[in-house]
There are 2 protein chains.
Amino acid sequence: MEDLTATLDKVLHLATLVGADLARFERESELTTARTHLLWVLGATGPSTQQSLASALGVSARNVTGLVDGLVSSGHVSRAAHPTDRRATLVTPTAKGEVVIHSLVEGHGQLARRLFERVPAERLAVFAATLDDTIATFTRLMEETQ
Amino acid sequence: MEDLTATLDKVLHLATLVGADLARFERESELTTARTHLLWVLGATGPSTQQSLASALGVSARNVTGLVDGLVSSGHVSRAAHPTDRRATLVTPTAKGEVVIHSLVEGHGQLARRLFERVPAERLAVFAATLDDTIATFTRLMEETQ
DNA sequence: TATTGTTATACTCTATAACTATA
DNA sequence: TATAGTTATAGAGTATAACAATA
């Protein structure tokens with residue numbers, strides 16, 4: 001019983017450490033968490049409208065306006081005309097933004113390697129499978145509670 | 001190689017789901033994340049000065065003033081005189097605050113049980129041990145990078 | 001002199017609502 | 001009529017700096 005809570009706490013502790021690592025990156029890049037998240041999404045999806053960024057980030061369109069304003073000021077993204085829809089703007093990383101996105105992806109992969117490369121393959125398989133099961137259990141629980 | 005990043009992503013995904021569950025609790029309690037965090041610390045440590053809350057939360061003293069102001073307004077905590085240091089105030093949960101703290105602890109334990117109770121004991125042991133190792137590896141890495 | 005908490009000020013993230021331009 | 005983005009407005013979280021009371 002007690003073990004189960006301790007185990008959940010360990011998952012959260014590890015996530016907190018990863019967050020602290022990201023916070024260090026943000027300080028060095030002079031970026032905030034919200035803007036870094038937007039850049040991350042942009043890196044994963046490519047040039048996007050602000051509406052699609054709002055959906056991906058789970059925030060309001062107004063909020064995206066502010067985040068993009070900040071990233072334009074800092075030179076990480078630019079607004080470009082949408083090729084077919086004149087209402088929309090395409091948010092695109094600048095060269096500076098691309099560097100940050102590349103560092104993010106690289107840093108994330110490097111952290112994963114450093115954390116897990118010494119873990120024996122069978123243990124890592126059990127670890128990953130347990131995470132999968134737990135995520136599936138959680139998803140089912142949330143659907144039940146609607 | 002690719003697996004390692006995917007595994008780290010799963011840890012973060014699970015933590016995000018737990019965060020979403022907490023967000024639901026916060027909506028129902030009409031509390032914000034920062035104020036809920038303060039209540040959680042208060043539940044773990046007992047009545048505290050604002051300075052010690054600032055250290056525990058990793059935020060400025062000024063910030064704690066604002067969070068406590070909000071929690072006093074909502075009736076979750078009260079400020080009391082410190083028994084020996086007349087500069088300091090002791091932040092103490094009210095009856096209403098105690099109910100929230102109890103729900104937090106209870107909900108957290110219940111979630112852990114629901115998530116992990118079906119996992120076979122040996123697998124859970126491997127899972128927890130891997131988390132311990134990974135956290136230790138991370139801590140060592142951060143110390144090295146100073 | 002150092003510490004505790006507050007006032008003053010400012011920036012970021014967040015939201016809803018009203019508005020403009022376009023579909 | 002609906003959608004994309006902005007202006008207007010507001011609240012919460014966060015920070016630093018200056019200040020008062022107390023140690």
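Residue numbering restarts at 1 for every chain, and letters A, B, ... go by the order of the sequence lines.
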Enquirer: For DNA chain D, whose closest nucleotide is more 5', that of Gly66(B) or that of Arg62(B)?
Expert: Gly66(B)
Enquirer: Side-chain donor or acceptor of Arg86(B) under 3.5 Å from a matching atom on the base of dT22(D)?
Expert: no
Enquirer: Between C1' on dA20(D) and CZ on Arg87(B), what's the gap in Å once rounded to a whole number?
Expert: 12 Å
Enquirer: OP1 or OP2 of dT6(C) less than 4.0 angstrom from a side-chain nitrogen or oxygen of Thr65(B), does that happen here?
Expert: yes
Enquirer: Evaluate whether atom CD of Glu30(A) has more than 12 neighbouring non-hydrogen atoms of other residues, nucleotides or ligands under 6.0 angstrom away.
Expert: no
Enquirer: Measuring from the side chain of Arg35(B) (C-beta onward, heavy atoms only), which nucleotide among dT14(C), dG13(D), dT9(C) has the closest atom?
Expert: dG13(D)
Enquirer: Once you apply a heavy-atom cut-off of 4.0 Å, does Ser60(A) come out as touching a base, just sugar-phosphate, or nothing?
Expert: base
Enquirer: Counting only heavy atoms not in His82(A) (residues, nucleotides, ligands), do more than 12 fall under 6.0 Å from its NE2?
Expert: yes
Enquirer: Calculate the interatomic distance between Leu71(A) atom CG and dC11(C) atom P; express it in whole Å.
Expert: 18 Å
Enquirer: Thr49(B) near the nucleic acid: base, sugar-phosphate alone, or nothing, with a heavy-atom cut-off under 4.0 Å?
Expert: sugar-phosphate
Enquirer: Between dA23(C) atom P and Gln51(A) atom CD, what is the distance in whole Å?
Expert: 15 Å
Enquirer: Between Arg79(A) and Asp69(A), does any NZ, NE, NH1 or NH2 come within less than 4.0 Å of an OD or OE carboxylate oxygen?
Expert: yes
Enquirer: DNA chain C: Ala61(A) or Thr32(A), which has the more 5' nearest nucleotide?
Expert: Thr32(A)
Enquirer: How long is the line joining CG of Leu31(B) and C1' of dG13(D), in whole Å?
Expert: 15 Å
Enquirer: Base, sugar-phosphate, or nothing: which does Thr89(A) touch, judged by heavy atoms less than 4.0 Å apart?
Expert: sugar-phosphate
Enquirer: Rounded to whole angstroms, how far apart are CG on Leu53(A) and C1' on dA4(D)?
Expert: 12 Å
Enquirer: Nearest whole angstrom, please: distance from the P of dT4(C) to the CG of Asp69(B).
Expert: 18 Å
Enquirer: Please determine whether the number of non-hydrogen atoms from other residues, nucleotides or ligands lying under 6.0 Å from atom CZ of Arg118(A) exceeds 12.
Expert: no
Enquirer: Would you say the side-chain atoms of Ser74(A) pair up with the backbone N or O of Val72(A), donor to acceptor, closer than 3.5 Å?
Expert: no
Enquirer: Under 4.0 Å from OP1 or OP2 of dG5(C): is there any side-chain N or O of Gln50(B) that close?
Expert: no
Enquirer: Quick one: which of dT14(D), dA15(C), dT4(C) gets closest to the side chain of Asn63(A)?
Expert: dA15(C)
Enquirer: Could you tell me whether the phosphate oxygens of dA15(C), OP1 or OP2, come under 4.0 Å of any side-chain nitrogen or oxygen in Arg27(B)?
Expert: no
Enquirer: Base, sugar-phosphate or nothing for Thr84(A)? Non-hydrogen atoms, less than 4.0 Å.
Expert: sugar-phosphate
Enquirer: Could you tell me the separation between the CG atom of Leu90(B) and the C1' atom of dT4(C), rounded to a whole number of Å?
Expert: 12 Å
Enquirer: Starting at atom CG of Leu38(A), determine the distance to atom P of dG5(D), rounded to an integer number of angstrom.
Expert: 12 Å
